[in-house]
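Some notes on the structure that comes next.
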Amino acid sequence: MTKTEEKKNNLLYLEPEDDKMIRKVAWRSMIGAGSYNYENMQALVFLYAMIPVIKRYYQKTEERIEAYKRHFTLFNVTPALFGFVSGLAASMEKIASQDKNYDVSSINAIKSSLMGPLSGIGDSIFWGALKVVATGVGVSFAAQGSILGPVLYFLINFIPGMMAKLLLPRISFKMGTEFFTSMEKSGTISLVTKLCNVVGLMTIGAMATSMVKMNLAWEMNLSGNILNLQSVIDSILPQALPVGLTLLMFKYLKKDVKPMTLMCILIIVGIVSSYFGIM
Amino acid sequence: MLQALWVYLAVVACFFAHYYLGNILTDRPIIVGTVVGLVLGDMTTGIIVGASYELIFLGITNAGGVVPANTALGTAVGVAMVLLSDMSAEASLALAVPVALLGSQLITLMYTLRSVMNPMVQRLIEKNEVKKIEKFVFLQGIVSYLIIFIPVFLVVAFGVDIINTIIDMIPDFVISGLSVASGMLAAVGFGMLLKMVWRKQLAVFFFIGYILSAYMGLPVLGVALCGVVYAVVVYFNEKDRKNVVTVQSENAEEELFND
């Protein structure tokens with residue numbers, strides 16, 4: 001095997017053009033939770049990370065705008081693993097730009113099915129294991145006033161996190177490109193994208209159930225018997241309110257009601273219902 | 001006054017680094033304490049007080065949308081008080097905890113206000129003005145951190161009483177109302193996501209996800225794995241069927257030629 005071949009088989013090797021793009025994606029992905037908000041969470045950073053990718057693969061303005069819109073949707077993951085998803089999304093945008101029949105809704109489906117599982121893994125590695133080790137080491141030095149405390153605390157957190165942030169996008173872009181290209185060659189890509197939507201929808205269902213928070217505090221007084229409405233709902237359809245609210249929002253969004261209008265309504269509903277003790 | 005300004009800028013810098021380099025934990029007491037100590041000219045004390053705060057705030061991680069207390073805000077105020085007014089670390093804690101809790105209210109408010117700014121980004125996308133979006137990513141962070149850390153400046157410059165006066169001015173139902181609303185806002189985000197992924201013939205899978213989560217209490221990871229297992233089964237079934245079909249048609253062709 002020649003040296004160049006060996007290099008190409010390396011998991012981290014990318015063509016120079018790809019390398020330049022993925023480097024940008026990796027650094028941009030680092031902002032991760034920096035632009036967090038309650039409505040679409042880390043969407044702004046995802047859009048920000050995808051800008052170099054979209055500019056490279058799409059030349060028409062309308063196509064670019066379509067792609068930008070696609071990535072300004074709810075996303076949330078442990079920031080250290082953010083680049084894994086944006087690298088993968090970059091590989092899917094590459095395939096989508098080459099194949100006009102590619103079902104682009106699968107891109108968001110894959111993003112949404114990854115965010116839960118990756119956060120589960122990422123949180124336990126970075127918040128569970130690393131941070132605890134760093135605190136143990138750091139505090140024991142710092143309690144004596146030694147500068148080693150904060151320095152070690154910083155490095156133990158910083159080095160593994162930085163490695164994940166710089167290397168994961170390369171790996172996921174390379175794997176993603178290979179995977180989707182081989183699927184396309186074997187003609188199963190439409191089945192694969194459909195199955196991605198299945199997993200995506202299931203995960204969104206589970207996330208809407210567990211991440212949207214809505215609880216009634218209202219108690220009805222029926223001739224002396226106090227009836228807690230929330231516990232009644234919980235016994236019939238647990239978490240019905242968050243999921244119902246999500247579907248209601250979806251219904252209005254499909255009718256092209258602006259997200260802004262819906263958010264303002266929710267904020268007013270929150271304040272009013274808390275004033276009257278409903279929620 | 002100048003010292004208050006320095007402490008304020010230092011803690012904003014720590015917080016910004018934490019969030020804009022991928023949660024590198026520079027917002028933790030052990031780091032903030034060190035930096036505030038450095039700025040005020042006594043790093044060793046800063047490190048020691050920071051370490052004791054670190055243990056107290058151990059369980060609190062600023063991850064995702066749940067912000068139980070703003071540890072950076074609390075620590076900056078506490079360490080500054082120890083260094084500037086010879087307070088003991090224990091006494092400063094009585095001051096730092098309420099400020100940290102106020103900080104978490106401010107962060108809730110910040111995340112709510114940022115949600116309301118999203119339509120602006122959407123308008124920029126429509127106009128294909130990505131340069132402005134790229135600037136906005138940073139501007140939003142810097143401006144909002146400069147705002148939520150104002151209490152550090154106020155407390156270090158004017159003392160604690162000013163904060164209590166401000167808190168008393170806000171009615172309780174507004175604060176609790178905002179936290180109720182913050183729980184509901186994600187519904188709009190998930191709605192937008194559904195708009196992208198929804199296919200009528202696949203809608204049933206959304207409800208399967210709901211059932212697995214609500215009735216069976218599966219975590220999101222478990223639900224995703226169920227979906228993956230289902231997808232793998234369907235994929236190989238379909239592939240087998242396709243193979244059978246192609247083999248059959250090949251046989252048919254052969255028969256045709258045999259005639």
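When reading the values below, keep in mind they use all heavy atoms of this one structure, side chains included, and skip hydrogens, waters and symmetry mates.
Of the listed residues (A/Leu241, A/Ile65, A/Thr73, A/Thr203), the one with the most heavy-atom contacts under 4.5 Å to chain B is A/Ile65. Per-residue counts of heavy-atom pairs under 4.5 Å with chain A were compared for B/Asn128, B/Thr34, B/Thr44; the largest is that of B/Asn128. Options B/Phe136, B/Tyr145, B/Phe205, B/Phe207 differ in how many heavy-atom pairs under 4.5 Å they form with chain A, and the most are formed by B/Phe205. Chosen from A/Cys264, A/Ser273, A/Gly83, A/Ala208, the residue pairing most often with chain B at heavy-atom distances under 4.5 Å is A/Ala208. For the options B/Ile208, B/Ile125, B/Val232, B/Val137, heavy-atom pairs under 4.5 Å to chain A are most numerous at B/Ile125. If you tally non-hydrogen atom pairs under 4.5 Å between each of A/Ser119, A/Ala43, A/Gly270, A/Pro238 and chain B, the highest count goes to A/Pro238. Contact count against chain A (heavy-atom pairs under 4.5 Å) is highest for B/Ser213 among B/Pro219, B/Ser213, B/Ser144. Counting heavy-atom pairs closer than 4.5 Å to chain B, the top-ranked of the candidates A/Val272, A/Thr78, A/Asp103 is A/Asp103. Counting heavy-atom pairs closer than 4.5 Å to chain A, the top-ranked of the candidates B/Arg199, B/Glu238, B/Lys127, B/Gln122 is B/Arg199. Top candidate by heavy-atom pairs under 4.5 Å with chain A, chosen from B/Cys226, B/Gly22, B/Gly227, B/Ala181, is B/Gly22. Among the candidates A/Ser106, A/Gly34, A/Pro79, the residue making the largest number of heavy-atom pairs closer than 4.5 Å to chain B is A/Gly34.
For A/Lys194, the parts lying under 4.5 angstrom from a heavy atom of chain B are both the backbone and the side chain. Heavy-atom distances place the side chain of A/Val243, and not its backbone, under 4.5 Å from chain B. There is no contact between B/Phe16 and chain A, counting heavy-atom distances below 4.5 Å. Looking at B/Met43, the atoms closer than 4.5 Å to chain A (heavy atoms on both sides) all sit in the side chain, from C-beta outward. Heavy-atom distances place no part of A/Glu66 under 4.5 Å from chain B, backbone and side chain included. Heavy atoms of A/Tyr48 lying under 4.5 Å from chain B belong exclusively to its side chain. Within the 4.5 angstrom heavy-atom criterion, no atom of A/Asn215 approaches chain B. Looking at A/Ile267, both its backbone and its side chain come within 4.5 Å of chain B, counting heavy atoms on both sides. Looking at B/Gln140, the atoms closer than 4.5 Å to chain A (heavy atoms on both sides) all sit in the side chain, from C-beta outward. Of the two parts of A/Val192, only the side chain, counted from C-beta on, holds a non-hydrogen atom closer than 4.5 Å to a non-hydrogen atom of chain B. For A/Tyr68, the parts lying under 4.5 angstrom from a heavy atom of chain B are both the backbone and the side chain. For A/Leu237, the parts lying near chain B are the backbone and the side chain together; criterion is any non-hydrogen pair under 4.5 Å. Of the two parts of A/Leu191, only the side chain, counted from C-beta on, holds a non-hydrogen atom closer than 4.5 Å to a non-hydrogen atom of chain B. In this structure, the portion of A/Leu247 lying under 4.5 Å from any heavy atom of chain B is its side chain and not its backbone. Interface residue A/Ser146: only backbone heavy atoms are found under 4.5 Å from chain B. When heavy atoms are compared at a cutoff of 4.5 Å, A/Asn157 approaches chain B solely by way of its side chain, counted from C-beta outward.
Here A/Leu262 contributes atom CG and B/Leu185 contributes atom CG; the two are 10.5 Å apart, rounded to the nearest 0.5 Å. The OH atom of A/Tyr36 sits 10.5 Å away from atom CE of B/Met110, with the distance rounded to the nearest 0.5 Å. Rounding to the nearest 0.5 Å gives a distance of 11.0 Å between CZ of B/Phe190 and CD of A/Glu39. Going from atom CG of B/Leu113 over to atom CG of A/Asn37 covers 10.5 Å, rounded to the nearest 0.5 Å. The distance from atom OG1 of A/Thr209 to atom CG of B/Leu218, rounded to the nearest 0.5 Å, is 11.0 Å.
Here the shortest heavy-atom pairing between A/Gly145 and B/Ile47 reads O-CD1, 4.0 Å. Here the shortest heavy-atom pairing between A/Ala142 and B/Ile30 reads CB-CD1, 3.9 Å. The shortest non-hydrogen separation linking B/Ala187 to A/Met249 is O-CB, 3.8 Å. Of all the heavy atoms in A/Asn197 and B/Leu202, the pair that sits closest is CB-CD1, 3.7 Å. B/Val223 approaches A/Met202 most closely through the heavy-atom pair CG1-O, 3.6 Å. Between A/Tyr38 and B/Ser115, the shortest heavy-atom distance links the atoms N-OG, 3.1 Å.
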Original post:
Should B/Tyr215 and A/Gln239 be marked as a side-chain contact (heavy atoms from CB on, under 4.5 Å) after you check the CA-CA gap, both sets of side-chain angles, and the distance that decides it?
Top reply: CA-CA 9 Å; B/Tyr215 284 91; A/Gln239 298 291 65; over 6 Å; no
**OP:** Go through the steps for B/Tyr19 and A/Ile31 under the test side-chain contact (heavy atoms from CB on, under 4.5 Å), then give the verdict.
**Re:** CA-CA 6 Å; B/Tyr19 274 116; A/Ile31 299 177; over 6 Å; no
**OP:** Take A/Met30 and B/Asn23, measure what side-chain contact (heavy atoms from CB on, under 4.5 Å) needs, and give me the verdict at the end.
**Re:** CA-CA 8 Å; A/Met30 269 178 216; B/Asn23 291 32; over 6 Å; no
Original post:
Can B/Asn118 and A/Phe72 be said to form a side-chain contact (heavy atoms from CB on, under 4.5 Å), step by step?
Top reply: CA-CA 9 Å; B/Asn118 281 337; A/Phe72 192 57; 3.5 Å; yes
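In this structure, A/Tyr153 and B/Glu54 have side chains that are in contact, with non-hydrogen atoms separated by less than 4.5 Å. The shortest side-chain heavy-atom distance between B/Glu134 and A/Ile51 falls under the 4.5 Å cut-off. Between A/Asn40 and B/Leu193, every side-chain heavy-atom pair lies at or beyond the 4.5 Å cut-off. For the pair B/Pro119/A/Met263, a side-chain contact is recorded, criterion being any heavy-atom separation below 4.5 Å from C-beta on. For the pair B/Leu194/A/Leu201, a side-chain contact is recorded, criterion being any heavy-atom separation below 4.5 Å from C-beta on. A heavy-atom distance below 4.5 Å is found between the side chains of B/Val130 and A/Lys55. In this structure, the side chains of A/Leu44 and B/Ile133 come closer than 4.5 Å at one or more pairs of heavy atoms.
Note: B/Trp198 and A/Phe250 have tilted aromatic rings, judged against thresholds of 30 and 60 degrees for the angle between ring planes.
One side chain, B/Ser176 or A/Ser274, offers a donor N or O that lies under 3.5 Å from an acceptor on the other. Checked by atom type, the side-chain pair B/Arg114/A/Ser35 shows no donor-acceptor distance below 3.5 Å.
Checked for salt-bridge contact, B/Glu126 and A/Lys69 meet the test: a charged N lies under 4.0 Å from a carboxylate O.
With a 6.0 Å radius and a threshold of 12 heavy atoms from other residues, nucleotides or ligands, B/Asp172 has its CG atom at or below the threshold.
Side chain of A/Lys254 to backbone of B/Gly191: no donor-acceptor contact under 3.5 angstrom is found.
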